[in-house]
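Side-chain atoms are counted along with the backbone in the values below, which use heavy atoms only and exclude waters and symmetry mates. As the structure is a computational prediction, the values presented were derived from the model and not from experiment.
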Amino acid sequence: MTDSNLAPLLVLHQADFEYRVIRLKRRPYTDICNVDLRTAIGTVNIILEFHDSVRNFAGNTGNGENARKALDILASKGCALSERARAFVSTAL
């Protein structure tokens, strides 16, 4: 059995967002090139892909409602949602 203490964090602000995997970073929404969604038993993960990096951010939202709200906010900030993320938002109502 393994444990992860990385404690990823995603905070969506009015003009930018913060995320942490190992250290806290703050970036504008325009740095995001794609937002994806992955689900598995007990997890609903939002994945942020960036224009300037091969690395991405993945964070568990805890539930579908939190994921839908975050995806709505990200879309309203001009972030492109993947087909899977758009489908989730449209069926999560």
Side-chain angles (χ1 to χ4, degrees):
M1 181 181 225
T2 62
D3 238 355
S4 173
N5 292 324
L6 294 177
L9 170 77
L10 177 63
V11 180
L12 305 176
H13 298 289
Q14 186 68 20
D16 56 13
F17 66 99
E18 293 176 288
Y19 69 101
R20 178 185 65 216
V21 175
I22 294 174
R23 64 186 171 103
L24 189 66
K25 294 183 180 182
R26 194 167 189 145
R27 298 176 77 160
Y29 289 104
T30 55
D31 283 357
I32 299 172
C33 68
N34 189 54
V35 179
D36 199 6
L37 181 88
R38 304 281 170 96
T39 59
I41 297 172
T43 65
V44 183
N45 294 311
I46 288 182
I47 293 89
L48 304 180
E49 299 171 7
F50 304 105
H51 291 287
D52 62 353
S53 178
V54 294
R55 295 180 184 215
N56 59 28
F57 169 84
N60 184 2
T61 63
N63 61 54
E65 181 62 21
N66 288 342
R68 188 188 64 73
K69 288 177 182 177
L71 291 170
D72 283 343
I73 292 168
L74 290 163
S76 76
K77 301 298 181 183
C79 300
L81 301 183
S82 70
E83 185 175 327
R84 183 178 19 233
R86 287 190 310 271
F88 179 83
V89 169
S90 68
T91 60
L93 299 175

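The side chain to side chain donor-acceptor pair (under 3.5 Å) test applied to Y19 returns R27, not counting sequence neighbours.
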Name every donor-acceptor pair, under 3.5 Å, that has one atom in a side chain of residues 38-48 and the other anywhere in the protein, sequence neighbours excluded.
{"from": "R38", "atom 1": "NE", "to": "D36", "atom 2": "OD2", "distance (Å)": "3.1"}
{"from": "R38", "atom 1": "NH2", "to": "D36", "atom 2": "OD2", "distance (Å)": "3.1"}
{"from": "N45", "atom 1": "OD1", "to": "N60", "atom 2": "N", "distance (Å)": "3.2"}

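In terms of modelled atom types and a separation under 3.5 Å, the side chain of R20 and the main chain of L9 share no donor-acceptor contact. Put simply, the side chain of N66 gets close to the backbone of T61: a donor and an acceptor are under 3.5 Å apart. With hydrogens and angles ignored, the 3.5 Å screen pairs no side-chain donor or acceptor of S53 with any backbone N or O of F50. Although no hydrogens or angles enter the test, the distance criterion places a donor-acceptor pair under 3.5 Å between the side chain of K77 and the main chain of Q14.
Residues E65 and N63 come closest through the heavy atom pair N-OD1, 3.1 Å. Pairing each heavy atom of S82 with each of N34, the nearest pair is N-OD1, 3.6 Å. Of all heavy-atom pairs spanning A80 and C33, the tightest one is CB-O, 3.8 Å. Here the shortest heavy-atom pairing between A67 and F88 reads CB-CE2, 3.9 Å. Of all the heavy atoms in I32 and H51, the pair that sits closest is O-NE2, 3.4 Å.
The line from CD of E18 to NZ of K25 is 13.0 Å long, rounded to the nearest 0.5 Å. Here the CG-CG distance, from L74 to L37, works out to 11.0 Å after rounding to the nearest 0.5 Å. The CG atom of D16 lies 4.0 Å from the CZ atom of R26; values are rounded to the nearest 0.5 Å. R68 contributes atom CZ, which lies 10.5 Å from atom OG1 of T91 (distance to the nearest 0.5 angstrom).
Taking the six-membered ring for Trp and thresholds of 30 and 60 degrees, Y29 and F17 have ring planes inclined between 30 and 60 degrees apart.
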